[in-house]
Amino acid sequence: MPATDPAEDLPEQMRVRRSKRERLLAEGVPPYPVNLPRTASLSEVREKYAELPTDTASGDRVAITGRLIFIRNGGKLCFATLRDGDGTELQVMLSLDKVGEQALADWKHLVDLGDLVGIEGEVITSRRGELSVLADTWAMSAKALRPLPVAHKPLSEETRIRQRYVDLIVRPQARETVRARATVVRSLRESLFRRNFLEVETPMLQLLHGGAAARPFVTHSNALDTDLYLRIAPELFLKRAVVGGIERVFEINRNFRNEGMDSSHSPEFAMLEAYQAYADYNVMQQQVQEWIQEAAFAVAGSHVVTHFDGTELDLSGQWPAVTLFGSLSEALGEEVTVTTDRAQLAGYAEKHDLSVDPKWSNGKLAEELFEHLVVPSLQRPTFVRDYPEETAPLTRAHRETPGLTEKWDLYVSGFELATAYSELVDPVVQRERLVAQSLLAAGGDPEAMQLDEDFLRAMEYGMPPTGGMGMGIDRLLMALTGLGIRETILFPLVRPE
RNA sequence: GGGCCGCUAGCUCAAUGGCAGAGCUGUGGACUUUUAAUCCAUAGGUUCGGGGUUCGAGUCCCCGGCGGCCCA
């Protein structure tokens, strides 16, 4: 527990602000009143009086609130700038002849940058033409006990993430990012609702580890006295829903993967997964393009989005589709297919300085070559189709080419944004694949899935031919805004201070 | 996991191994049209933590923490 008088150890500026709070209390003025009059938001004032000419009094009184971000105090006339939750700024003026000597002195001595204040007064424009509220009275709305960082120098990236609340206060773009994310998620939901998909929630706590290849977080249930896994994917439950007749189903929710944290990976990340009965990966390809274009339009008003650094990304029109082996062949300048033998693939790897893990299958090796040689060039959105079957255990075999599966990955800006399959629905083949996975898991592969008998039982009741897709919400934000993943997540996980 | 870089005042950053500084912020004062206001004065430090070398360490060495970049 802190000592009864913690003030001794505090920096001077925090002691000063605490003493101002005490002085307010001593004067009988609540530093944190339960409410304040507010008849208009700053943006409403700005909108309504946008045409007010320079140096004019409107005759209209308003009560406004906001956070103080600039203070320019004079002898008998004080200026300050308030900022609203939506980022709108508005100037307030306090003059001796309007508020009186005591209120003006209190304003100068008890108010700091960062305080939330309320102003009641007349809407006017200053001699320089700045729209302002000329105060009759002012009131403290919430006294800030910590100083605001310098408004004109960017906060360090670490402080931005660790103290997002400060980042949100001082950096309008941080708030815009929150709004953009909300807009994108809402747009996705609307896009799917319009196409008659139902949104469901499936278990986050799972008895078995499956649905993707990733290391899970493990937790423990006291009631069941058993370990549980935080889900790495909702896939196996959404498919159970499709078996049960929920023919168009989706979930937007968090997945957890106990793996590395870097500029494009977060241990918890939001994902959209959607399944549609009597559809396949071709149908999903067209739909995903539409959903992303609709999200781009919702957030940017255009299918050409402008990143915060000013670069443009064109998401308009029909996106190109290539095959994995076709694009790899083009990059190598040599024809490779799913039947190309290992020695030849290994030769290409060596030629391009790619070290080869001997445990890799031929398919995995081809995919690694592709990621190394082709992916960095995929800036405009591009669908890459038809992956080797060793790397896609839940995917249906390609209807024409043996050894391939009906899977595509969507790449944008050099990273993978979404994926889709014609889902594997034959319960016998599914069991073979999952048994193979569980043997890998038993052999110590921490990413391999466990055998989910209940999932297989569901499949044995008959699953319709189904197209399924998954897309990282955080990554979609990255694609639309150009931000790193830790900027698209409001409160990313950070190491303890 | 490996390599490199960084951590100094509330914030952003300086400081050949030799008195730890600036700008903004804060405090006191001047100013009735400012808007990153201006002017005068002034306060503010466990230099990430621990150990070592040295007459002397923010600076050099070792261990650890946190962060960033690159590689695997």
Report summary line: side chain to side chain contact (heavy atoms under 4.5 Å, CB included) with V322(A): of L328(A), T382(A), L378(A), only one passes, and it is T382(A)

Requested in this report: Please measure how far the P atom in rU53(B) lies from the corresponding atom in rU59(B), and state the result in whole Å.
Outcome: 15 Å

Requested in this report: Choose from rU27(B), rA36(B), rU25(B) the nucleotide whose nearest atom is closest to any side-chain atom of F70(A).
Outcome: rA36(B)

Query - Contact under 4.0 Å: R72(A) side-chain N or O vs rC31(B) OP1/OP2 - result: no

Report summary line: The Watson-Crick or G-U wobble partner of rC69(B), with both key distances under 3.5 Å, is rG3(B)

Requested in this report: Please determine, for rU27(B), whether a Watson-Crick or G-U wobble partner exists with both distances under 3.5 Å, and give it or none.
Outcome: rA41(B)

Report summary line: L82(A) atom CG is separated from rU35(B) atom C1', nearest whole Å, by 13 Å

Query raised in the report: Can a donor-acceptor pair under 3.5 Å be found between the side-chain atoms of Q13(A) and the base atoms of rG26(B)?
Result: no

Query raised in the report: I71(A) has an atom CD1; how far is it from atom P of rU38(B), in whole Å?
Result: 14 Å

Query raised in the report: Over how many whole Å does the gap from K108(A) atom NZ to rG29(B) atom P extend?
Result: 9 Å

Report summary line: If pairing means Watson-Crick or G-U wobble with both distances under 3.5 Å, then the partner of rA57(B) is none

Report task. Give a yes/no answer on whether the side chain of S156(A) brings an N or O atom under 4.0 Å of OP1 or OP2 in rG67(B). Result -> no

Query raised in the report: Could you give the distance from OG (S58(A)) to CG (L52(A)), rounded to the nearest 0.5 Å?
Result: 6.0 Å

Query raised in the report: With rounding to whole Å, what would you report as the distance between rC13(B) and rC48(B) at their P atoms?
Result: 14 Å

Requested in this report: Using atom CG of L77(A) as one end and atom C1' of rA37(B) as the other, report the distance to the nearest whole Å.
Outcome: 12 Å

Query raised in the report: Below 4.0 angstrom from OP1 or OP2 of rU32(B), is there any side-chain N or O of K76(A)?
Result: yes

Query raised in the report: Which value, in whole Å, describes the distance between the P atoms of nucleotides rC69(B) and rG26(B)?
Result: 33 Å

Query raised in the report: Should the pair R18(A)-E22(A) be classified as a salt bridge under the 4.0 Å nitrogen-to-oxygen rule?
Result: no

Query raised in the report: Could you state the CD1-P distance from I169(A) to rG10(B), rounded to the nearest angstrom?
Result: 18 Å

Query raised in the report: Which base, if any, makes a Watson-Crick or G-U wobble pair with rC13(B), both distances under 3.5 Å?
Result: rG21(B)

**Report entry** Length of the CD1-C1' vector between I69(A) and rU25(B), whole Å
**Finding:** 15 Å

Query - Identified ring pair (Phe, Tyr, Trp, His ring centres under 6.0 Å) counterpart of W408(A) within the set W319(A), F383(A), Y421(A) - result: F383(A)

Report summary line: Side-chain contact check for E12(A): nearest option of rA43(B), rU25(B), rA36(B) is rA43(B)

Query raised in the report: What nucleotide, of rU32(B), rG10(B), rU33(B), holds the atom closest to the side chain of F79(A)?
Result: rU33(B)

Query raised in the report: Considering every strand shown, what is the Watson-Crick or G-U wobble mate of rG49(B) when both distances are under 3.5 Å?
Result: rC63(B)

Query - Nucleotide of rU33(B), rU32(B), rG26(B) approaching K20(A) most closely (side-chain heavy atoms) - result: rG26(B)

Query raised in the report: Does the side chain of H109(A) get closer than 4.0 angstrom to OP1 or OP2 of rG29(B) through an N or O atom?
Result: yes

Query raised in the report: Expressed in angstrom and rounded to an integer, what is the separation of D112(A) atom CG from rC24(B) atom P?
Result: 17 Å

**Report entry** Under-4.0 Å side-chain N/O to phosphate OP1/OP2 contact, R495(A) with rG68(B)
**Finding:** no

Report task. Among rC11(B), rU35(B), rU32(B), find the nucleotide with the atom closest to the side chain of L155(A). Result -> rC11(B)

**Report entry** Which residue lies more 5' along RNA chain B, comparing R17(A) with Q91(A) via nearest heavy atoms
**Finding:** R17(A)

Report task. With RNA chain B as reference, determine whether A80(A) or K153(A) sits nearer its 5' end, using the nearest nucleotide of each. Result -> K153(A)

Query raised in the report: How far does the C1' atom of rC24(B) sit from the matching atom of rA14(B), given to the nearest Å?
Result: 15 Å

Query raised in the report: Is there a donor-acceptor pair under 3.5 Å between the side chain of R61(A) and the backbone N or O of E120(A)?
Result: no

**Report entry** Proximity of Y348(A) and H372(A) rings by center, below 6.0 Å
**Finding:** no

Query - Side chain of R486(A) - closest among rG23(B), rG68(B), rG67(B) - result: rG68(B)

Query raised in the report: E130(A) has a side chain; which of rU12(B), rC24(B), rU35(B) sits nearest to it?
Result: rU35(B)

Requested in this report: Write down the distance between CZ (R162(A)) and P (rC48(B)), rounded to a whole number of angstrom.
Outcome: 16 Å

